Amino acid sequence: MGNKEYLRSRPATQVERFKKRVAEGRIEVTGMYENMAEISDENLMYDFLQPLKEFDKLGIPVTSAMQNDVNGIAWCMPDYFKNTDVRYLIMGINMTRSILPFDKPTAFWWKLLPERGCLPSVPITI
């Protein structure tokens with residue numbers, strides 16, 4: 001995937017520079033690779049979270065995930081995020097394919113089964 005190729009093909013000094021910018025808060029690494037279509041199955045969604053392992057090896061924290069321009073996300077994702085450090089999901093809708101539900105960004109708790117807790121989410125408009 002993209003992050004593995006990037007990290008493999010860059011000199012160590014550039015990877016260290018990237019890590020430094022992350023530590024400074026100038027770059028945030030989010031926990032989803034690309035934007036998923038509404039028809040992606042659970043296996044594909046699991047595969048797209050695999051880059052988190054590479055970032056973990058480098059000591060790069062990933063606490064949020066972003067899904068933009070696709071309306072919705074698979075129901076399996078909160079369970080998959082539970083096994084990672086991802087605690088926040090940021091959603092942006094595609095306004096050409098859906099109706100804007102609110103006139104400003106809103107926050108909500110994505111409720112899971114009671115024993116699994118909740119994953120906070122903030123939908124945004126792009």
Side-chain angles (χ1 to χ4, degrees):
M1 293 194 181
N3 70 311
K4 199 174 219 176
E5 178 62 24
Y6 175 86
L7 295 170
R8 185 192 65 74
S9 65
R10 299 302 184 269
T13 55
Q14 195 165 354
V15 173
E16 289 305 313
R17 185 174 168 222
F18 172 73
K19 289 169 55 178
K20 180 180 178 189
R21 297 297 180 252
V22 170
E24 292 169 349
R26 295 173 67 184
I27 296 175
E28 180 179 7
V29 177
T30 60
M32 291 184 69
Y33 177 72
E34 298 181 353
N35 296 321
M36 305 299 123
E38 297 91 334
I39 59 171
S40 300
D41 68 6
E42 290 182 0
N43 293 325
L44 185 61
M45 299 302 275
Y46 177 83
D47 289 343
F48 279 119
L49 291 178
Q50 296 313 299
L52 294 175
K53 293 177 183 177
E54 296 296 320
F55 292 124
D56 190 47
K57 287 179 193 174
L58 292 171
I60 296 174
V62 179
T63 58
S64 62
M66 182 181 291
Q67 170 82 340
N68 256 334
D69 202 37
V70 175
N71 302 320
I73 193 167
W75 284 100
C76 63
M77 293 312 290
D79 285 331
Y80 290 174
F81 287 140
K82 191 122 175 88
N83 297 319
T84 71
D85 291 330
V86 172
R87 296 293 170 257
Y88 304 99
L89 173 65
I90 301 161
M91 300 286 295
I93 67 169
N94 180 325
M95 289 182 51
T96 62
R97 295 174 49 199
S98 69
I99 298 170
L100 181 64
F102 305 103
D103 62 349
K104 59 185 172 233
T106 57
F108 66 93
W109 287 98
W110 191 347
K111 294 191 177 197
L112 308 175
L113 297 175
E115 66 274 8
R116 294 194 179 148
C118 299
L119 176 72
S121 180
V122 180
I124 60 171
T125 303
I126 57 170

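Just so you know, these numbers come straight off a predicted model, no measurement behind them. Note that these values count all heavy atoms, side chains included, but never hydrogens, waters or copies made by symmetry.
Atoms OH and CD, on Tyr6 and Glu54 in that order, are 14.5 Å from each other to the nearest 0.5 Å. The distance from atom CG of Asp47 to atom OH of Tyr80, rounded to the nearest 0.5 Å, is 9.0 Å. Put simply, OG1 on Thr13 and NZ on Lys20 are 12.5 Å apart, with the number rounded to the nearest 0.5 Å. To the nearest 0.5 Å, atom CZ of residue Arg10 and atom CZ of residue Arg17 are 11.5 Å apart. Once rounded to the nearest 0.5 Å, the distance linking CG of Asn83 with OH of Tyr46 reads 8.5 Å. Within the model, atoms CG of Leu52 and NZ of Lys57 stand 12.0 Å from one another, a figure rounded to the nearest 0.5 Å.
When all heavy atoms are compared, the tightest approach of Ala65 to Phe81 is CB-CZ, 3.6 Å. Pro61 and Val22 get closest at one heavy-atom pair: CD-CG1, 4.2 Å.
Inter-residue side-chain proximity for Ile60 and Phe18 is flagged as met; some heavy-atom pair is nearer than 4.5 Å. The shortest distance between side-chain heavy atoms of Asp85 and Val62 does not fall below 4.5 Å. Looking at heavy atoms from C-beta onward, Leu49 lies in side-chain contact with Met77 at the 4.5 angstrom threshold.
Other residues, nucleotides and ligands contribute more than 12 heavy atoms inside 6.0 Å of the CZ atom of Arg21.
In this structure, the side chain of Arg26 does not engage the main chain of Ala23 through any donor-acceptor pair within 3.5 Å.
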